[in-house]
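Notes to accompany the following structure.
Note that these values count all heavy atoms, side chains included, but never hydrogens, waters or copies made by symmetry.
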Amino acid sequence: MTSAKPLLAALLTASVALTGCGRRGDPSADGAPVVAVVPKGTTHEFWKSIHAGALKAASETGARVEWRGPTREDDREAQINLMDVLISRRVDGIVIAPLDDRALVAPIERAVEAGIPVVIIDSDLQSDAYVSFVATDNHRGGHLGGQRLAELLGGGGK
């Protein structure tokens, strides 16, 4: 299983970006900054590990996580609608794994225009309107995996 370290880094980045920002929306009960985390879906084990990482990062940074995402990993409209809700609520920051690198450009740019810092995780966006991008390099990972497999096979195999 993939670790939730990328999200931890993203939330920490978002917390740093929020430092010095005044509360814009409805404050949490304890006055902590509210960082919305929007995964591609909420049912897959990978996203559950990301959720756990977000909660860990929140406990380490003093932020409050609002975990909101579509149930299915192909529901772009749900993700777009969630972005609109989060913008209208004026959360302090958004961490999102965009389902579509083009369809989510406008909502993410609207969030940035509203003064809400956005951190992109897992999949890139066809825009640079975000604070940070955190993801694995799958091409490099495949290359390293292939090299290691070749070492283990010692030049043999079919």
Side-chain angles (χ1 to χ4, degrees), residues 1-18 28-30 32-89 91-112 116-153 157:
M1 175 183 282
T2 304
S3 92
K5 288 182 183 178
L7 185 66
L8 176 60
L11 254 169
L12 292 173
T13 300
S15 295
V16 169
L18 295 171
S28 62
D30 60 3
V34 177
V35 178
V37 181
V38 183
K40 290 181 180 177
T42 55
T43 58
H44 190 277
E45 287 303 313
F46 174 74
W47 299 115
K48 291 177 183 179
S49 73
I50 296 296
H51 187 199
L55 294 175
K56 183 175 191 306
S59 71
E60 293 175 2
T61 63
R64 186 169 65 83
V65 168
E66 183 172 324
W67 179 259
R68 309 256 324 245
T71 304
R72 293 185 340 266
E73 290 189 30
D74 64 350
D75 195 347
R76 288 163 185 76
E77 282 304 312
Q79 211 177 38
I80 291 167
N81 292 336
L82 281 171
M83 286 296 296
D84 290 335
V85 167
L86 296 170
I87 293 165
S88 70
R89 289 196 43 242
V91 296
D92 294 298
I94 299 172
V95 176
I96 183 170
L99 275 166
D100 187 303
D101 66 343
R102 289 187 174 87
L104 273 293
V105 168
I108 289 168
E109 288 180 349
R110 283 195 301 274
V112 171
I116 302 170
V118 177
V119 173
I120 304 296
I121 62 168
D122 191 55
S123 297
D124 206 358
L125 188 68
Q126 296 297 315
S127 171
D128 60 359
Y130 50 80
V131 174
S132 184
F133 172 58
V134 180
T136 56
D137 183 341
N138 292 332
H139 180 74
R140 178 83 175 127
H143 179 76
L144 291 172
Q147 281 182 324
R148 180 66 178 136
L149 184 58
E151 289 171 13
L152 291 172
L153 292 174

Exercise for the section: For Gln126 and Val105, work out which heavy atoms get closest and say how close. Expected result: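 That would be O-CG2, 3.8 Å.
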Problem - Closest heavy-atom pair and its distance - Ala111, Val118 - result: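 Of all heavy-atom pairs spanning Ala111 and Val118, the closest is CB-CG2, 3.8 Å.
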So [Y] and [X], do their side chains get closer than 4.5 Å, heavy atoms only?
X: Tyr130; Y: Asp124; answer: yes
X: Ile120; Y: Phe133; answer: yes
X: Leu104; Y: Ile80; answer: yes
X: Trp67; Y: Thr42; answer: yes
X: Val112; Y: Ser127; answer: no
X: Ile50; Y: Pro39; answer: no
X: Asp100; Y: Gln79; answer: no
X: His51; Y: Val37; answer: no

What's the spacing between [X] [atom1] and [Y] [atom2] if we round to 0.5 Å?
X: Glu109; Y: Leu125; atom1: CD; atom2: CG; answer: 7.5 Å
X: Leu149; Y: Leu144; atom1: CG; atom2: CG; answer: 12.5 Å
X: Met83; Y: Ile116; atom1: CE; atom2: CD1; answer: 7.5 Å
X: Asn81; Y: Arg76; atom1: CG; atom2: CZ; answer: 14.0 Å
X: Lys40; Y: Asp74; atom1: NZ; atom2: CG; answer: 12.0 Å
X: Thr61; Y: Lys56; atom1: OG1; atom2: NZ; answer: 11.0 Å

Handout entry: Atom CG of Asp137 with >12 non-hydrogen neighbours under 6.0 angstrom
Key =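 Counting other residues, nucleotides and ligands, CG of Asp137 exceeds 12 neighbours.
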